[in-house]
Amino acid sequence: MPPTLPGSYHTRLAAAYVRGKLLNGNGQYLPDPVQPLAKKKFEELTQQEMSTLLEAGLHHGFKMHRFKQTVPVPLHEKMLGALNGIRPDNLLHLHAGHGLFLWRLLGEFPFLMTTVIEPEQRHAELMQTVQRGGVANLRSIFSAPFDLTSFHQQHFDVVAALQILDFAPDPEAVATELCRVARRFLFVSVAKGRNTHPQCRQQFDESSLRQLFDRNGVHHLKVESVDNHWLLVGRK
């Protein structure tokens with residue numbers, strides 16, 4: 001097997017994923033030198049040991065492509081830049097999917113308490129494996145993406161909902177819930193222009209997106225065009 005280039009992966013998160021599989025009994029066939037790395041404290045792993053876990057996962061066919069670094073996404077970079085200025089205490093991320101933004105977020109903020117509401121079980125299990133492997137500040141909940149009833153008012157310092165409203169049966173109700181559980185900031189993105197996804201229920205422009213959150217009591221609003229999306233940043 002050719003040598004792995006750890007820099008092309010989110011190595012820390014990939015290592016946690018392999019550890020999580022080992023700790024769940026799914027990697028008994030990995031070589032003996034790798035097994036002790038599942039028992040060592042995650043925060044004590046060296047960079048070389050993390051790379052060893054990554055290479056073992058690749059060699060044994062784990063789906064490590066999920067943790068490959070990708071070309072920066074302008075929308076994600078814009079949000080990360082804003083979050084660096086906010087320095088949030090905790091964050092709610094609705095529907096992380098394959099983790100494209102989530103992995104960048106956890107890499108940029110390795111200690112940020114992050115809760116993910118994930119409606120697809122396979123994605124929720126992926127994140128739960130990463131959590132079990134050592135990323136203790138990640139919590140993944142398998143649930144409908146619009147159900148926030150288990151969280152109290154102002155539960156999260158920041159709420160991020162990326163292309164959620166496009167698919168919501170009742171955007172007004174979802175926006176109300178997002179505003180209810182957010183303490184300081186909301187990040188909301190929707191597709192710009194016509195969304196051709198077969199499950200898309202709603203179309204937004206800058207004005208309708210702004211009005212939706214203004215009606216829900218968030219009056220400090222900035223809406224800008226980023227790539228093919230509208231990005232709303234609301235401050236309560």
Side-chain angles (χ1 to χ4, degrees), residues 72-106 108-109 112-120 123 141 143-151 153-197 199-236:
V73 176
L75 177 67
H76 298 168
E77 299 308 304
K78 175 72 72 172
M79 292 176 59
L80 291 169
L83 287 169
N84 266 304
I86 294 170
R87 308 306 299 181
D89 296 328
N90 59 21
L91 181 144
L92 173 66
H93 181 16
L94 277 76
H95 195 358
H98 294 286
L100 193 61
F101 174 66
L102 179 63
W103 306 146
R104 285 284 290 116
L105 175 71
L106 293 174
E108 190 80 15
F109 300 94
L112 175 65
M113 292 301 303
T114 302
T115 300
V116 177
I117 302 295
E118 181 50 57
E120 293 192 37
H123 292 151
I141 302 172
S143 173
F146 312 119
D147 183 7
L148 304 180
T149 55
S150 61
F151 304 115
Q153 187 172 347
Q154 299 186 355
H155 195 115
F156 298 100
D157 198 19
V158 173
V159 172
L162 309 185
Q163 285 190 264
I164 291 294
L165 291 179
D166 312 61
F167 304 95
D170 187 348
E172 191 80 41
V174 173
T176 298
E177 278 293 272
L178 294 177
C179 295
R180 181 183 69 82
V181 301
R183 183 164 66 251
R184 282 202 298 156
F185 285 90
L186 297 106
F187 289 80
V188 179
S189 74
V190 296
K192 185 180 179 183
R194 185 168 179 267
N195 191 334
T196 58
H197 193 286
Q199 295 181 0
C200 178
R201 295 169 179 258
Q202 308 291 334
Q203 303 286 333
F204 293 92
D205 58 19
E206 179 181 1
S207 177
S208 61
L209 184 62
R210 182 183 295 274
Q211 290 173 16
L212 178 62
F213 285 88
D214 185 71
R215 287 196 300 272
N216 280 281
V218 182
H219 305 305
H220 300 279
L221 294 167
K222 180 180 180 181
V223 180
E224 59 183 310
S225 173
V226 184
D227 207 5
N228 295 317
H229 299 83
W230 290 113
L231 174 63
L232 176 144
V233 181
R235 180 170 61 84
K236 297 182 71 175

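Just so we're clear, the structure is a prediction, and the values are computed from it rather than from any experiment.
- Residues passing the side chain to side chain contact (heavy atoms under 4.5 Å, CB included) test with N228, sequence neighbours excluded: none.
- Residue M79 comes nearest to A160 through the heavy atom pair CE-CB, 4.1 Å, listed as atom of the first residue, atom of the second, then distance.
- Scanning for ring pair (Phe, Tyr, Trp, His ring centres under 6.0 Å) contacts around F109 gives an empty result, with sequence neighbours left out.
- By the side chain to side chain contact (heavy atoms under 4.5 Å, CB included) test, H229 pairs with L75, Q163, sequence neighbours left out.
- With sequence neighbours excluded, the residues that form a side-chain hydrogen bond (donor to acceptor under 3.5 Å, both in side chains) with H95 are E118.
- Remark: R210 engages E206, L221, V223 in a side chain to side chain contact (heavy atoms under 4.5 Å, CB included) (not counting sequence neighbours).
- Heavy-atom minimum distance, D166 versus A191: OD2-N, 2.9 Å.
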When you look at V73 and F101, which way does the side chain to side chain contact (heavy atoms under 4.5 Å, CB included) test go after all the steps?
-> CA-CA 9 Å; V73 176; F101 174 66; over 6 Å; no
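- The shortest non-hydrogen separation linking P169 to Q202 is O-NE2, 4.1 Å.
- Between the NE2 atom in H76 and the CG atom in L102 there is a gap of 10.5 Å [rounded to 0.5 Å].
- Sequence neighbours left out, the pairs with a member in residues 82-93 that pass salt bridge (Lys or Arg N to Asp or Glu O under 4.0 Å) are D89-R183.
- Residue V218 comes nearest to C179 through the heavy atom pair CG2-SG, 3.6 Å, listed as atom of the first residue, atom of the second, then distance.
- Residue K236 qualifies as enclosed at atom NZ: its count of foreign heavy atoms under 6.0 Å is above 12.
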Determine, stepwise, if the pair L162 / H93 fulfils side chain to side chain contact (heavy atoms under 4.5 Å, CB included).
-> CA-CA 8 Å; L162 309 185; H93 181 16; 4.2 Å; yes
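- Partners of D227 by side-chain hydrogen bond (donor to acceptor under 3.5 Å, both in side chains), not counting sequence neighbours: none found.
- Taking CD1 of I141 as the start and CD1 of I117 as the end, the distance is 4.0 Å to the nearest 0.5 Å.
- Interatomic distance, L91 CG to D157 CG, rounded to the nearest 0.5 Å: 8.5 Å.
- Interatomic distance, F213 CZ to H219 NE2, rounded to the nearest 0.5 Å: 13.0 Å.
- With L92 as reference, L148 is the one residue of L148, T114, L186 to meet the side-chain contact (heavy atoms from CB on, under 4.5 Å) rule.
- Considering every non-hydrogen atom in both W103 and H98, the closest pair reads NE1-O, 3.3 Å.
- Evaluation of the side chain to side chain contact (heavy atoms under 4.5 Å, CB included) rule for H155 yields F151, H152 as partners, not counting sequence neighbours.
- N216 pairs by the side-chain hydrogen bond (donor to acceptor under 3.5 Å, both in side chains) definition with E172, T176, not counting sequence neighbours.
- The CG atom of L83 sits 11.0 Å away from atom CZ of R104, with the distance rounded to the nearest 0.5 Å.
- Contact annotation: the side chain of V159 approaches that of L94 to within less than 4.5 Å [non-hydrogen atoms, C-beta and beyond].
- Scored by the side-chain hydrogen bond (donor to acceptor under 3.5 Å, both in side chains) test, S208 finds D205 as partners (sequence neighbours excluded).
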Under the side chain to side chain contact (heavy atoms under 4.5 Å, CB included) rule, what do D170 and F146 come out as? Steps first, then yes or no, please.
-> CA-CA 9 Å; D170 187 348; F146 312 119; over 6 Å; no
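- Closest of all the heavy-atom pairs between P72 and P74 is O-CD, 3.6 Å.
- Legend: residues meeting salt bridge (charged side-chain N to carboxylate O under 4.0 Å, His left out) with K222, ordered by chain and number and at least two apart, are E224.
- In this structure, OG on S207 lies 10.0 Å from CH2 on W230, to the nearest 0.5 angstrom.
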Take L165 and V174 through the side chain to side chain contact (heavy atoms under 4.5 Å, CB included) test and state the conclusion after the steps.
-> CA-CA 7 Å; L165 291 179; V174 173; 3.7 Å; yes
